[in-house]
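Worksheet: one structure, shown below.
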2 protein chains.
Amino acid sequence: MTSIISPDGTFSTETGTTDRLLTPGEVARIFGVDPKTVNRWALTGKVPSIRTPSRQRRYLESEVRALLRDGSVGTDG
Amino acid sequence: MTSIISPDGTFSTETGTTDRLLTPGEVARIFGVDPKTVNRWALTGKVPSIRTPSRQRRYLESEVRALLRDGSVGTDG
DNA sequence: ACGCATTTGGGTAATTTGGGCT
DNA sequence: TATGTCCAAATTACCCAAATGC
C-alpha cells in the first residue's frame, strides 16, 4: 500500500482512502487503555507506528481501525 | 448497532450517544458477578466486546446499561 | 426430592495493564 | 503530553466443583 501525503497533512492511499495520524492518547481512548499501554503495543510490534523527529509516536488511523475490526465490536471472537 | 469513532476516541452511536469503554472488572462490579463471568458473557455473545491488540476485552458502557435495563429490577421473568 | 444441562466461582500460572516517578 | 522503567494489580485461559434452573 503506497501512501501519498496531501497538503493538509493527511495520507491518501490508492483506494482514495484518507488517513490521519493519531497520538498515543487518541489511540488509548479508542481502546479504553492507558497511553503507556499503546506505546507498549508499538514496542512489541502489535501496532505499527511512525516516529516524529522528537521520538514521539504517531499511529495511522487506518491501522487502528483495522485492529478494532479484528477485535470486533460484535460478538466476541 | 453501528459505532463511529470520533477524533477524541469516543464511540458515537446512531442516537448520538457518546460511549466510554469499561473494563471486565468494572462491568463485574456493576452486575455483582465475577470478572470471569463477564468474559464468559462475551464469549457466548451475550455482551458485545472490543478486543485490544493484546486480546483483553473492553465493553461499551451503553451496551452494559442496556443489559441492565433488559433484566430490569422488579420484573422477574 | 430427583435428574440433567447450564452457569458460576475457586484456584493457578502466564500475560497484560496502570500508577508513580522521570 | 509523551517517554522509559519498576512494581503491584488486573486480565486471561485453563480445569473442576458448587450453585442454579427447569
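Lettering of chains follows the sequences in order, A, B, ..., and the numbering in each one begins at 1.
- Between B:Thr23 and D:dA10 there is no side-chain N or O to OP1 or OP2 distance below 4.0 Å.
- Taking the side chain of B:Trp41 as heavy atoms from C-beta on, and the options D:dG4, C:dT8, D:dT11, the nearest nucleotide is C:dT8.
- For A:Asp34, counting side-chain heavy atoms from C-beta on, the closest listed nucleotide (C:dT17, C:dG19, D:dT11) is C:dG19.
- Rounded to whole Å, atom P of D:dT3 lies 13 Å from atom CD1 of A:Ile50.
- What separates CG of B:Leu43 from P of C:dT7 is a distance of 12 Å, to the nearest Å.
- The closest side-chain donor-acceptor pair between B:Ser54 and B:Thr52, if any, does not fall under 3.5 angstrom.
- One interatomic measurement links the two molecules: NZ of A:Lys46 to P of C:dT16, which rounds to 5 Å at whole-angstrom precision.
- The side-chain heavy atoms of B:Thr23 and B:Arg58, taken from C-beta on, include a pair separated by under 4.5 Å.
- For B:Arg57 and D:dA13, the shortest distance from a side-chain N or O to OP1 or OP2 is below 4.0 Å.
- In this structure, A:Asp19 contributes its side chain and A:Leu60 its backbone to no donor-acceptor pair below 3.5 Å.
- Taking atom CZ of B:Arg55 as the reference point, atom C1' of D:dA10 lies 14 Å away to the nearest angstrom.
- Distance from the side chain of A:Lys36 is smallest for C:dG19 among the nucleotides C:dG19, C:dG9, C:dT16.
- For the pair A:Gln56 and A:Arg51, the minimum side-chain heavy-atom distance is 4.5 Å or more.
- When Watson-Crick and G-U wobble pairs are counted only if both distances are under 3.5 Å, D:dG4 pairs with C:dC21.
- Rounded to an integer number of Å, the gap from CZ of A:Arg40 to P of C:dG18 is 7 Å.
- Contact between A:Arg57 and A:Leu43 at its shortest, heavy atoms only, is NH2-CD2, 3.3 Å.
- In this structure, A:Gln56 and B:Arg58 both approach DNA chain D, and ranking their closest nucleotides by distance from the 5' end singles out A:Gln56.
- In this entry the distance linking CG of A:Asn39 with C1' of D:dC6 reads 17 Å, nearest Å.
- Nucleic acid contact class of B:Thr52 (heavy atoms, under 4.0 Å, all strands): sugar-phosphate only.
- Under the Watson-Crick or G-U wobble criterion, with both distances below 3.5 Å, D:dC22 is paired with C:dG3.
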